[in-house]
Amino acid sequence: MSKLRLHDKKVVVGITGSIAAYKAADLVRRLQDEGAEVRVVMTKAACEFITPLTLQALSGFPVATDLLDPSQEASMGHITLARWADWIVIAPASADTLARLVHGRSDDLLSALCLASESPLAVAPAMNNKMWENPATQNNINILQSRDIHIIGPGSGIQACGELGEGRLIEPLDLVAELVQLMVPAKLQGKRVLITAGPTYEPIDPVRFIGNRSSGKMGFAVAKAAIEAGATVTLISGPVHLPTPTGAERVNVETAGQMFDAVMTDIEQFDIFIACAAVADYKPELTEANKIKKTKHADLQLNLKATQDIVSTVAEQKTRPFIVGFAAETQSVLDYAQEKLQRKKLDMIAANQVGDGVGFAVDHNSLQVLWKSGSQMLPLAPKKQLARDLMTLIIERYDAKDSIKNS
Ligand code: PMT
């Protein structure tokens, strides 16, 4: 018999004050049906809508409600629960709860638990549609998403207040389907993914270099998305100021030459190579041993020579991974990307417009993804979300084995 999909998951379900709180009972039941171990935390407001006893009976465990309840602190206090949970799911999540999460409040058990936990958090908002549409709530949602908190729903339809619109708690069955996707994203389980990110710096002398504006944000987001999809990830990074995504093996490099060497070491071990780095195409022919003095030259000429093309070299290997390149263009984005897809013998290419405050360094981006037999536009979104969407496409094409083979 196949295992239940959430058989190894410990889930804290947080219930907050909303008329939709009664649906949380169904949610708890359905999570258990999928094999999850569930503990329930309720806010004071939630207890006005549904009794803890109901949730205790369903979950089979006492429901935690108070931050400072001595008996609960002794057994399942917020720290213990924070450590116990593989996932925290807040459903329904009221507008007030979203605001509290944004501000890192910790004056009730649920908020303190969220603040103390390193586990992934999913929230299913439920509120009046005007409250949902309010810029304050939308701003809070954007902030939570930028912190990698998963927002599920809300749905739309007739609301308890009689209004029609967005703000209903997503139905428990659909909610569980979404949660399973999030919690069991094992499409790349057992696969090794190599990702390059950031700029390269090509030294002119000990203090100067030729570089570019890449911040590494896109590549690091791609690394995170690959980890979420179950892959074992090696991230080769140029000089950036970003923390390593949890679970990635990071190799720091500075120059295109160093990035080339790092990529080519063990390249045959990788299933997928995603070249997101903005690698210098040219480097100074000579790196001066000492700082070039201004007085020495009226005008200064630098002789540049081409760097090795990393992604093309990988594509020439007999045993080659599935290769995804990026194309950063200031004009004719699609034409140049199509040309690079073919010339560099890539399986896919993700093209983006850059310059004038787009593409490089910012938090949002859009991508036009091309492969031999198709294309897809990924519209403007936070890079973290965009990376997840890109990863979904990569997995689809990788599964379809739409890759170029060298004979
Ligand atoms: O880092 P961010 O601030 O988040 O910005 C993201 C980004 C704009 C850098 C990213 O989305 C992006 O477009 N990365 C590729 C940038 C680039 O160098 O594109 P290109 O068109 O010059 O190169 C095409 C492909 O060849 C790329 O996959 C590149 O990694 C690869 N290449 C280029 C030169 C070289 N010597 N070796 C290579 O492998």
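It should be emphasised that the depicted structure is a prediction, and the values quoted were computed from it without experimental measurement. Order of listing sets the numbers, starting from 1, for every ligand and every atom in it.
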N-O pairing of [X] and [Y] below 4.0 Å:
| X | Y | result |
| --- | --- | --- |
| Lys224 | Asp148 | yes |
| Arg168 | Glu166 | no |
| Arg100 | Asp107 | yes |

With sequence neighbours left out, the residues meeting side-chain contact (heavy atoms from CB on, under 4.5 Å) with Leu380 are His364, Ser366

Could you pull out all residues at least two apart from Lys217 that satisfy salt bridge (charged side-chain N to carboxylate O under 4.0 Å, His left out)? Asp363

For ligand 1, what are the residues with a heavy-atom contact below 4.0 Å?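 Close residues (ligand 1, cut-off 4.0 Å): Ser214, Ser215, Gly216, Lys217, Met218, Ala275, Cys276, Ala277, Ala278, Val279, Ala280, Asp281, Thr307, Gln308, Asp309, Ile310, Val311, Gly325, Phe326, Ala327, Ala328, Lys340, Lys344, Asn352, Val354, Gly359, Phe360, Ala361, Lys383.
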
For Ser119, side-chain hydrogen bond (donor to acceptor under 3.5 Å, both in side chains) partners two or more places apart: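 Ser119 satisfies side-chain hydrogen bond (donor to acceptor under 3.5 Å, both in side chains) with Ser117 once adjacent residues are dropped.
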
